[in-house]
Participant: 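Structure incoming, see below.
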Amino acid sequence: MAKMNFGGVEENVVTRSEFPLEKAREVLKNETIAVLGYGVQGPGQSLNLKDNGFNVIVGQRKGSRSWDKAVEDGWVPGETLFDIEEACEKATIIEYLLSDAGQISVWPTVKKHLTAGKALYFSHGFGITYNDKTGIVPPADVDVILVAPKGSGTSLRRLFLQGKGINSSYAIYQDATGKAYERVIALGVGVGSGYLFETTFKREVYSDLTGERGTLMGAIQGIFAAQYQVLRENGHTPSEAFNETVEELSQSLMPLIAENGMDWMYANCSTTAQRGALDWWKKFRDATLPVFKDLYESVKTGNEAQISIDANSRPDYREKLNAELKELHDSEIWRTGETVRALRPERSK
């Protein structure tokens, strides 16, 4: 573990150079890792672990679409693919990667197989942090750890296949065996992370829920929609409005920002763009800061967690969700996006 200084703040960071894959394999050589759930994170993490040489099995509900997807990905029923209870029984490390709602419903089954010395692994701090709402309270004689990749399961797998890694946070909630640190870092390296930074379950879920509702999805969609609407109301065509709002950002600027930073972007654009961006960014910050403060408070108090639990537990949840997603899909901005993406040069070769 190394101390890294970020703007005067020290953080604990582990890189693959100091904890290589060979060491991770040695740490986990006698472990059986059961990945429960084959939805968002499950496929990427389980396949990466398998390809990296770890002993991995998958636990999933038989007859579900996710079970069929696991079979398509090469998991063999009765050998490496089991129902959830059997996977829990066989495992020494249980990766609890079901949805937040799924974790609540399956918890009684998982808990009875958490015998002394096992490890319970999460990729989200939700279930533990809000355990007054979820009921997820692990026994005292198991390790409780977290590795949270900073990207989707799809990205985790894609980057792994490209020979790259993805940053992850890690946390230890409970160290019952004295091996929790080595276990969590080995698992982080095993799923494809080359850079792991320390957090807590609480900090992870607070930042994650804020980010999802903020700049990662909620805020960015709101800003896209607002700019697109203003351009359309002022006579710009759908193509022009979409390209100026989304396409240039996602295809041209964001990769450069990822490589070099926003400060570099400001220093390397036209003087007209530079002047405008410098004049306006603080106005956007000041306009949205109260919204972000409200958002964080809603996360911190557990209000966002309760909204999610309540919504996901309704019998008509999927029907209502699909209606909301359809509204987003059918909006002019994203229908235009479909056409623009189809016209990208690489698609027409």
Side-chain angles (χ1 to χ4, degrees), residues 4-9 11 150-152 154-155 158-159 164 166-167 169 195 197 206-300 304 324-325 327-348:
M4 299 287 286
N5 193 297
F6 297 92
V9 178
E11 294 187 33
K150 298 298 108 179
S152 68
T154 301
S155 298
R158 183 190 303 126
L159 289 168
K164 302 175 182 178
I166 195 168
N167 296 344
S169 59
Y195 175 99
F197 59 94
Y206 285 6
S207 61
D208 189 70
L209 293 186
T210 299
E212 289 168 349
R213 287 149 179 76
T215 58
L216 301 181
M217 294 176 70
I220 197 71
Q221 164 60 17
I223 291 170
F224 283 163
Q227 179 170 303
Y228 183 88
Q229 179 179 329
V230 168
L231 291 174
R232 291 288 287 121
E233 287 175 350
N234 282 276
H236 298 271
T237 65
S239 179
E240 185 169 52
F242 183 86
N243 275 278
E244 200 60 45
T245 300
V246 178
E247 190 75 353
E248 185 174 353
L249 173 67
S250 62
Q251 298 303 299
S252 176
L253 301 187
M254 289 307 293
L256 291 174
I257 294 168
E259 291 172 15
N260 304 299
M262 184 65 84
D263 54 337
W264 181 93
M265 181 62 67
Y266 272 48
N268 287 274
C269 62
S270 72
T271 55
T272 302
Q274 193 177 71
R275 182 68 267 146
L278 288 168
D279 287 346
W280 279 89
W281 81 262
K282 291 180 181 178
K283 294 181 181 180
F284 281 105
R285 178 200 62 190
D286 294 345
T288 58
L289 188 58
V291 180
F292 277 98
K293 287 183 175 180
D294 287 346
L295 167 56
Y296 193 84
E297 188 63 23
S298 187
V299 170
K300 186 176 179 181
E304 291 300 309
E324 290 182 275
L325 293 175
E327 179 186 1
L328 191 62
H329 175 267
D330 291 347
S331 62
E332 185 185 275
I333 181 173
W334 295 115
R335 295 306 297 270
T336 302
E338 285 183 339
T339 302
V340 171
R341 288 192 296 275
L343 294 173
R344 287 177 188 160
E346 66 270 24
R347 296 292 181 90
S348 58

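Index from 1, following the sequence. Below, each value reflects all heavy atoms present in this structure, side chains not excepted, and no hydrogens, waters or symmetry copies.
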Participant: Report yes if the side chains of F292 and T215 come closer than 4.5 Å at any heavy-atom pair, otherwise no.
Facilitator: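 In short, these two side chains touch, coming nearer than 4.5 Å.
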Participant: Between the main-chain N or O of N243 and the side-chain N or O of E248, is there a donor-acceptor pair closer than 3.5 Å?
Facilitator: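 Not confirmed, E248 side chain does not pair with N243 backbone.
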Participant: Drop me the distance from S152's OG to L159's CG, to the nearest 0.5 angstrom.
Facilitator: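 Going from OG on S152 over to CG on L159, the span is 8.5 Å.
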Participant: Let me confirm one number: the OG-NZ distance from S207 to K150, rounded to the nearest 0.5 Å.
Facilitator: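 The distance works out to 5.5 Å.
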Participant: Taking the side chain as everything from C-beta on, heavy atoms only, tell me whether V246 gets closer than 4.5 Å to W334.
Facilitator: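 The answer is yes, as the side chains (C-beta and beyond) meet within the 4.5 Å cut-off.
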Participant: Over all heavy atoms of both residues, which pair between R275 and D279 is shortest? Give the atoms and the distance, please.
Facilitator: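 Closest approach of R275 to D279, heavy atoms only: NH2-OD1, 2.8 Å.
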Participant: Quick one: OG on S169 to CD on E11, what's the gap to the nearest 0.5 Å?
Facilitator: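 Separation between the atoms: 10.5 Å.
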Participant: For E327, does the CD atom sit with more than 12 other heavy atoms under 6.0 Å from it, leaving out its own atoms?
Facilitator: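 No.
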Participant: Less than 4.5 Å apart, any side-chain heavy atom of L249 and any of F224?
Facilitator: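 They are in side-chain contact.
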Participant: Are any non-hydrogen side-chain atoms of E304 and Y296 less than 4.5 angstrom apart?
Facilitator: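 No, their side chains stay 4.5 Å or more apart.
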Participant: Give the minimum heavy-atom separation between P255 and S250, together with the two atoms involved.
Facilitator: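 For P255 and S250, the tightest heavy-atom pair comes out as CD-O, 3.5 Å.
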Participant: Are V230 and Q227 packed together at the side-chain level, in the sense that at least one heavy-atom pair is separated by less than 4.5 angstrom?
Facilitator: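 When only atoms from C-beta onward are counted, Q227 and V230 do not touch, as no gap falls below 4.5 Å.
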Participant: Tell me whether D286 is salt-bridged to K282, with the criterion being a basic N under 4.0 Å from an acidic carboxylate O.
Facilitator: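 Looking at D286 and K282, the cut-off is not met.
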Participant: Heavy-atom distance under 4.5 Å between the side chains of T154 and R158, does that happen here?
Facilitator: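 Side-chain contact under 4.5 Å: yes.
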Participant: Is E338 salt-bridged to R335, going by a charged N under 4.0 Å from an acidic O?
Facilitator: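 Counted as a salt bridge, because a side-chain N and a carboxylate O are separated by less than 4.0 Å.
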Participant: Taking T288 for the side chain and F284 for the main chain, is one N or O donor matched with an acceptor at less than 3.5 Å?
Facilitator: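 Side chain of T288 to backbone of F284: a pair is present.
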Participant: With a 4.5 Å cut-off on side-chain heavy atoms, are K300 and Y206 touching?
Facilitator: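 They are in side-chain contact.
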Participant: Ignoring hydrogens and geometry, is there a side-chain-to-backbone donor-acceptor pair from T245 to F242 under 3.5 Å?
Facilitator: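 Checked: no pair found.
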Participant: Report the distance from atom CG of L256 to atom CE of M262, rounding to the nearest 0.5 Å.
Facilitator: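 Rounded to the nearest 0.5 Å, the CG-CE separation comes out at 11.0 Å.
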Participant: For the side chain of T237 and the backbone of E240, is there at least one donor-acceptor N/O pair under 3.5 Å apart?
Facilitator: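 Looks like yes, one N/O pair under 3.5 Å.
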Participant: Going by atom types alone, do H236 and E244 pair a side-chain donor with an acceptor below 3.5 Å?
Facilitator: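 No.
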Participant: Might you point out which heavy atoms bring P238 and E332 nearest each other, and give the distance in Å?
Facilitator: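 Shortest heavy-atom separation between P238 and E332 comes out as CG-OE2, 3.8 Å.
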Participant: Nearest 0.5 Å, what's the CG-NZ distance between L295 and K293?
Facilitator: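 With rounding to 0.5 Å, CG (L295) is 13.0 Å from NZ (K293).
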Participant: One pair to check against side chain to side chain contact (heavy atoms under 4.5 Å, CB included): Q221 and L328. What are the steps and the verdict?
Facilitator: CA-CA 10 Å; Q221 164 60 17; L328 191 62; 3.3 Å; yes
Participant: Should the pair E247-R341 be classified as a salt bridge under the 4.0 Å nitrogen-to-oxygen rule?
Facilitator: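 Between R341 and E247 there is no salt bridge, as every charged N stays at least 4.0 Å from the carboxylate O atoms.
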Participant: Among side-chain atoms of T339 and T336, is any donor-acceptor pair under 3.5 angstrom?
Facilitator: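 Per modelled atom types, T339 and T336 side chains form no pair under 3.5 Å.
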Participant: Given side chains that start at C-beta, do those of M265 and N260 come closer than 4.5 Å, heavy atoms only?
Facilitator: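 Answer no - side chains too far apart.
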Participant: CG/D208 to CG/L216 distance, rounded to the nearest 0.5 angstrom?
Facilitator: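 Rounded to the nearest 0.5 Å, the CG-CG separation comes out at 8.0 Å.
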